[in-house]
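These figures come from a predicted structure and were not determined experimentally. What's counted below: heavy atoms across the whole structure, side chains too, no hydrogens, waters or symmetry copies.
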Amino acid sequence: MYKSIIVGTGPAGLTAAIYLARANLNPLVIEGPQPGGQLTTTTEIENFPGFPEGIMGPELMDNMRQQAERFGAKFITGWVNSVELGDRPFKLHVEGMGELVTDTLIISTGATAKYLGIPGEQDNIGRGVSTCATCDGFFFRGKEIVVVGGGDSALEEAGFLTRFASKVTLVHRREELRGSKIMQERVRDNNKVTWGLNRTPLEVVAGDKGVTGLKVLNNITGQEELIEASGVFVAIGHHPNTSFLGGQITTDANGYIVTNPGTSETNIPGVFACGDVQDTRYRQAITAAGSGCMAAMDAEKYIESLEHSAVIL
């Protein structure tokens, strides 16, 4: 029986663990198959406060984990298959471990970036392939890059990346973009953006020093083409990791957990959400960490209310 269990790590889960551990609540943190979340696939992070020279993603996550362990947080690696949230205490069914029981649950399972699934893509993550313009755009100052996608996210990232890149080529497999008209107009008016419409990505091409281009199929001519670039930004969306919840938590149309405004509270008292699993807008390490702090403080307050009720009874 635990007072609090945190499912998922990353900046949100680890910050929640630090705060709960410092409150002597001895949280249990269940790590998934990718401990530390998406930042473990990131090379240098320069926008997390406190590191003037930057820090490697895996190092930052390891530091945060050690900090949580120092105050008493416990970690296990496992896969949560399902949860029972109809009654408290809540029950978690963890593959290979059976049932775990807790008074409060913090969900910080994140959102997974969608990839193209083409050759050379996964091999070059951190070597020119990215899913976050805000995180990595600075590293492509003065270089030519490609953005793949046709929605508002792709258009927004293309526009943002023109602050750094000398040229941004927007690649989309159709002639028509899915993004809003205002976003399309904004990007079309940017003379740093060129268009690679009606083109299907085939392969990320790379050399010893990283990405050198994107091979595409021209859907009109049927010919293969090579778009030379030092970076390929994949902007085709994210999917939140919420399937294990079995529909017990209120989510939006895309599966992101809905929290009460200004809090980490979900529709079930005692269940809280933080990080990218409930963030459809910012998706930054620092905002995730902040929401992890919120979830821990909300959980601590909830646990205090339970203990107070028990004393009265």
Side-chain angles (χ1 to χ4, degrees), residues 7-15 31-43 45 47-48 57 60-61 79-80 106-118 121-122 124-126 128-137 145-161 170-174 177-180 183 187 201 204 231-247 249-259 264 266 272-292 295:
V7 181
T9 48
L14 292 174
T15 300
E31 297 180 312
Q34 188 181 2
Q38 292 187 61
L39 285 189
T40 58
T41 65
T42 304
T43 52
I45 300 171
N47 58 1
F48 198 93
L60 177 61
M61 292 299 92
W79 185 264
V80 180
I106 294 179
I107 304 166
S108 61
T109 46
T112 303
K114 297 178 182 177
Y115 285 95
L116 299 167
I118 59 176
E121 184 180 41
Q122 294 296 313
N124 289 290
I125 294 174
V129 173
S130 174
T131 58
C132 181
T134 308
C135 308
D136 299 327
I145 58 179
V146 170
V147 173
V148 181
D152 277 349
S153 294
L155 292 167
E156 185 174 350
E157 296 221 337
F160 176 82
L161 288 167
L170 187 67
V171 171
H172 185 51
R173 66 179 183 272
R174 298 188 179 93
L177 296 170
R178 293 179 289 104
S180 61
M183 287 298 298
V187 175
V204 175
V232 175
F233 284 78
V234 181
I236 57 175
H238 293 72
H239 57 83
N241 303 316
T242 53
S243 60
F244 71 99
L245 297 172
I249 298 291
T250 300
T251 62
D252 66 12
N254 295 314
Y256 286 88
I257 293 176
V258 176
T259 54
S264 65
T266 69
F272 309 91
C274 56
D276 288 8
V277 76
Q278 54 83 54
D279 180 6
T280 62
R281 181 173 182 177
Y282 299 105
R283 291 195 290 265
Q284 298 297 301
I286 190 62
T287 52
S291 69

Determine whether Val204 and Val129 satisfy the following criterion, side-chain contact (heavy atoms from CB on, under 4.5 Å), listing intermediate values before the conclusion. CA-CA 8 Å; Val204 175; Val129 173; 3.9 Å; yes
Approximate separation, where rounding is to 0.5 Å, of [X] [atom1] and [Y] [atom2]:
{"X": "Ile257", "Y": "Ile107", "atom1": "CD1", "atom2": "CD1", "value": "4.0 Å"}
{"X": "Ile236", "Y": "Thr131", "atom1": "CD1", "atom2": "OG1", "value": "10.0 Å"}
{"X": "Lys114", "Y": "Leu116", "atom1": "NZ", "atom2": "CG", "value": "12.0 Å"}
{"X": "Phe272", "Y": "Ile249", "atom1": "CZ", "atom2": "CD1", "value": "10.5 Å"}
{"X": "Ile286", "Y": "Ser291", "atom1": "CD1", "atom2": "OG", "value": "10.0 Å"}
{"X": "Ile145", "Y": "Glu157", "atom1": "CD1", "atom2": "CD", "value": "9.5 Å"}

Any donor-acceptor pair under 3.5 Å from Ser108 side chain to Val7 backbone: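 Checked: pair present.
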Does Gly255 offer a backbone N or O that forms a donor-acceptor pair with the side chain of Thr242 under 3.5 Å?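 Yes, because the side chain of Thr242 sits within donor-acceptor range (under 3.5 Å) of the backbone of Gly255.
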If you apply the rule side-chain contact (heavy atoms from CB on, under 4.5 Å), what do you find for Val147 with Phe160, and how did you get there? CA-CA 11 Å; Val147 173; Phe160 176 82; over 6 Å; no
Taking every non-hydrogen atom, the tightest pair across [X] and [Y]:
{"X": "Gly292", "Y": "Thr15", "answer": "C-CG2, 4.2 Å"}
{"X": "Arg283", "Y": "Tyr256", "answer": "NH1-OH, 3.8 Å"}
{"X": "Val148", "Y": "Pro201", "answer": "CG1-CG, 3.8 Å"}
{"X": "Gln284", "Y": "Cys132", "answer": "NE2-SG, 4.0 Å"}
{"X": "Leu14", "Y": "Met61", "answer": "CD1-O, 3.6 Å"}
{"X": "Pro11", "Y": "Ala285", "answer": "CB-O, 3.5 Å"}

If you count heavy atoms of other groups shown closer than 6.0 angstrom to CD of Glu121, is the number above 12?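 Counting other residues, nucleotides and ligands, CD of Glu121 exceeds 12 neighbours.
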Member of Leu245, Thr9, Val80, Asn241 meeting the side-chain contact (heavy atoms from CB on, under 4.5 Å) criterion with Thr109: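 Looking at Leu245, Thr9, Val80, Asn241, the match for Thr109 under the side-chain contact (heavy atoms from CB on, under 4.5 Å) is Asn241.
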Let me see the working for Asp276 and His238 under side-chain contact (heavy atoms from CB on, under 4.5 Å), right down to the final yes or no. CA-CA 10 Å; Asp276 288 8; His238 293 72; 5.8 Å; no
Test of understanding: with side-chain contact (heavy atoms from CB on, under 4.5 Å), list the residues that count as partners of Asp152, not counting sequence neighbours.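 Asp152 satisfies side-chain contact (heavy atoms from CB on, under 4.5 Å) with Leu155, Ser180, Met183 once adjacent residues are dropped.
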Passes side-chain contact (heavy atoms from CB on, under 4.5 Å), Thr280 versus Asn254? Steps please. CA-CA 9 Å; Thr280 62; Asn254 295 314; over 6 Å; no
Report yes if the side chains of Tyr282 and Thr134 come closer than 4.5 Å at any heavy-atom pair, otherwise no.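 In short, these two side chains do not touch, never coming nearer than 4.5 Å.
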